[in-house]
Amino acid sequence: MNFTDELVQWYLQNKRDLPWRNTTDAYIIWLSEIILQQTRVEQGLPYFYRFVEKYPDVSSFAAANEDEVLKLWQGLGYYSRGRNMLKTARLVEEQYHGKFPEKYDDLIKLKGIGEYTAAAIASFSANEAKAVVDGNVYRVLARFFGIYEPINSPAGKRNFQELANNLLNKKNPALHNQVMMEFGAMLCKPKNPACGICPVHTSCVAFTTNATTALPVKLKTVKVRERFLNYFLVTDGDTLLMNKRGDKDIWANMYDLPLIETSSLLPLNELLNLSAAHEIFGPEIKITSQAAPVQKHILTHQRLYIRLIKTETKPIKLEVNWFYTTVENLHSLALPKAIFILIKNIFNL
DNA sequence: AATACGGGGCA
DNA sequence: TGCCCAGTATT
């Protein structure tokens, strides 16, 4: 038996009894598929029952108002799904006279229905030969065939869809699609896959090369943190106040200036009214100038908004890592690029 | 081509 | 915490 035939046998013996598998009503399948987008079956199940009960057909859904739909959706997340459903129900009621479309090319045009959902509805309701590729299918294919191409790159998505299409059993697309997803959800799980009882593990590249935990590959979006760095330039022209940075943060052990970090860009007067500012300079701070406009500085994981505030007020208290140095001596201190840029024009560095 | 959009389960 | 879940729309 080949790969997919093995999985069909596994499926027939191990599948869950899920309510949307007992119908070919495109409307009911649509309900289930929208609810299950990025949502675990166990979490979506109670919502599915409530929606079917309240809106047994497209016409009743189309007659609902948005508040009502969103109330029923409450707690499920991704609320645009609910809003899009109402739009789609009304459009189907109008243009399809209440009969939910079953063809992929019609479905893909509807709000809230993308490639996956269109393929799912078309195959489950009318056995149209379209292969579904959801998170489960990505994982099963990446592992079994040992594909290291990222599943969330445009090229990767195309290639996995193409592979899924080639694998699709054209005689029974509905069964094939259910098999692939159920296998991924129940056995070839993201964590702790049950390879020991897997019917195809001897021919699975990931299993035989001990790479199940490495697959599928997913490009992680480097999440960029925003930080607002308010530096104070305390100088008489010949000396200035410096800070030696700690070893945990960016620019570890390098030198910058007295700093107040905020979680947003504060107006200058609000900044100077912070208790942090008062602790350093006392209640009366004389600002010479905001020496530079806010500078944007891009790091790999951080977006820094940096500004320099020049003051004549001497701090009433020095932090442990603060010290006065001469402008001459700046040449011997390791300054981050952003800090160097900030002060180079002031001291003709 | 990236990012926003949610809440929950799991290691 | 970080990852992932029967993805899609928007910028």
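Protein chains get the first letters and strands the later ones, always in sequence-line order, with residue 1 at the start of each. All of these numbers come straight from a predicted model, not from anything done at the bench.
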Taking only N/O atoms, report every protein-nucleotides 7-11 of chain B pair under 3.5 Å with atom names and distance.
| residue | atom | partner | partner atom | Å |
| --- | --- | --- | --- | --- |
| B:dG7 | N2 | A:Q43 | OE1 | 3.4 |
| B:dG8 | N2 | A:R40 | NE | 3.3 |
| B:dG8 | N2 | A:R40 | NH2 | 2.9 |

Subject >> Position toward the 5' end of DNA chain C (nearest nucleotide), A:N136 or A:K87 >> reply: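 On the 5' side of the pair lies A:N136.
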
Subject >> Which residue lies more 5' along DNA chain C, comparing A:L110 with A:P190 via nearest heavy atoms >> reply: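 Result: A:P190.
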
Original post:
Quick one: does A:T311's side chain have a donor or acceptor within less than 3.5 Å of a partner on A:V234's backbone?
Top reply: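 Here the side-chain-to-backbone pair does not exist.
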
Between atom [atom1] in [X] and atom [atom2] in [N], what is the gap in whole Å?
X	N	atom1	atom2	answer
A:E182	C:dC5	CD	P	15 Å
A:Y47	C:dC5	OH	C1'	15 Å
A:Q161	C:dA6	CD	C1'	14 Å
A:R143	C:dC4	CZ	C1'	12 Å
A:I35	B:dG6	CD1	C1'	15 Å
A:Y116	C:dC5	OH	P	12 Å
A:I34	C:dG7	CD1	P	11 Å
A:R83	B:dG6	CZ	C1'	12 Å

Reckon [X] touches a base, only the sugar-phosphate, or nothing at all at heavy-atom distances under 4.0 Å?
X	value
A:R139	sugar-phosphate
A:Q178	base
A:W73	nothing
A:T117	sugar-phosphate
A:L18	base

**OP:** Can you label the angle between the A:F3 ring and the A:F144 ring as parallel, tilted or perpendicular, going by 30° and 60°?
**Re:**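 Correct class here is parallel.
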
Subject >> ring pair (Phe, Tyr, Trp, His ring centres under 6.0 Å) partners of residues 325-349 of chain A, not counting sequence neighbours, each pair once >> reply: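 Sorted result for residues 325-349 of chain A: empty, none.
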
[N] versus [M] - spacing of their [atom1] atoms, nearest Å:
N	M	atom1	result
B:dA11	C:dA6	C1'	22 Å
C:dC4	B:dG6	C1'	13 Å
B:dA1	C:dC5	C1'	23 Å

Original post:
Mapping A:P154 and A:Q37 to their closest nucleotides on DNA chain B, which lands nearer the 5' end?
Top reply: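 With A:P154 and A:Q37 compared, the 5'-side residue is A:P154.
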
Please set out all donor-acceptor pairs under 3.5 angstrom arising from side-chain atoms of residues 206-216 of chain A, sequence neighbours excluded.
| residue | atom | partner | partner atom | Å |
| --- | --- | --- | --- | --- |
| A:T208 | OG1 | A:C204 | O | 3.0 |
| A:T208 | OG1 | A:V205 | O | 3.2 |
| A:T209 | OG1 | A:V205 | O | 2.6 |

Subject >> Reference residue A:F48; test ring pair (Phe, Tyr, Trp, His ring centres under 6.0 Å); the match among A:Y55, A:W30, A:W20 >> reply: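 Checked A:Y55, A:W30, A:W20 against A:F48; only one passes ring pair (Phe, Tyr, Trp, His ring centres under 6.0 Å): A:W20.
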
Subject >> Salt bridge flag under 4.0 Å for residues A:K310 and A:E312 >> reply: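 Here A:K310 does not pair with A:E312 in a salt bridge, since their nearest N and O are not under 4.0 Å apart.
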
**OP:** Give a yes/no answer on whether the side chain of A:K111 brings an N or O atom under 4.0 Å of OP1 or OP2 in C:dT10.
**Re:**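 The answer is yes; a side-chain N or O of A:K111 sits under 4.0 Å from OP1 or OP2.
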
Original post:
Just one of A:R21, A:K189, A:K15 clears the salt bridge (charged side-chain N to carboxylate O under 4.0 Å, His left out) bar with A:E182, so which one?
Top reply: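 Among A:R21, A:K189, A:K15, the one meeting salt bridge (charged side-chain N to carboxylate O under 4.0 Å, His left out) with A:E182 is A:R21.
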
**OP:** Using the six-membered ring of A:Y47, assess whether NZ or CZ of A:R50 lies under 6.0 Å from its centre and within 45 degrees of the ring axis.
**Re:**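 Cation-pi check for A:R50 and A:Y47: passes.
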
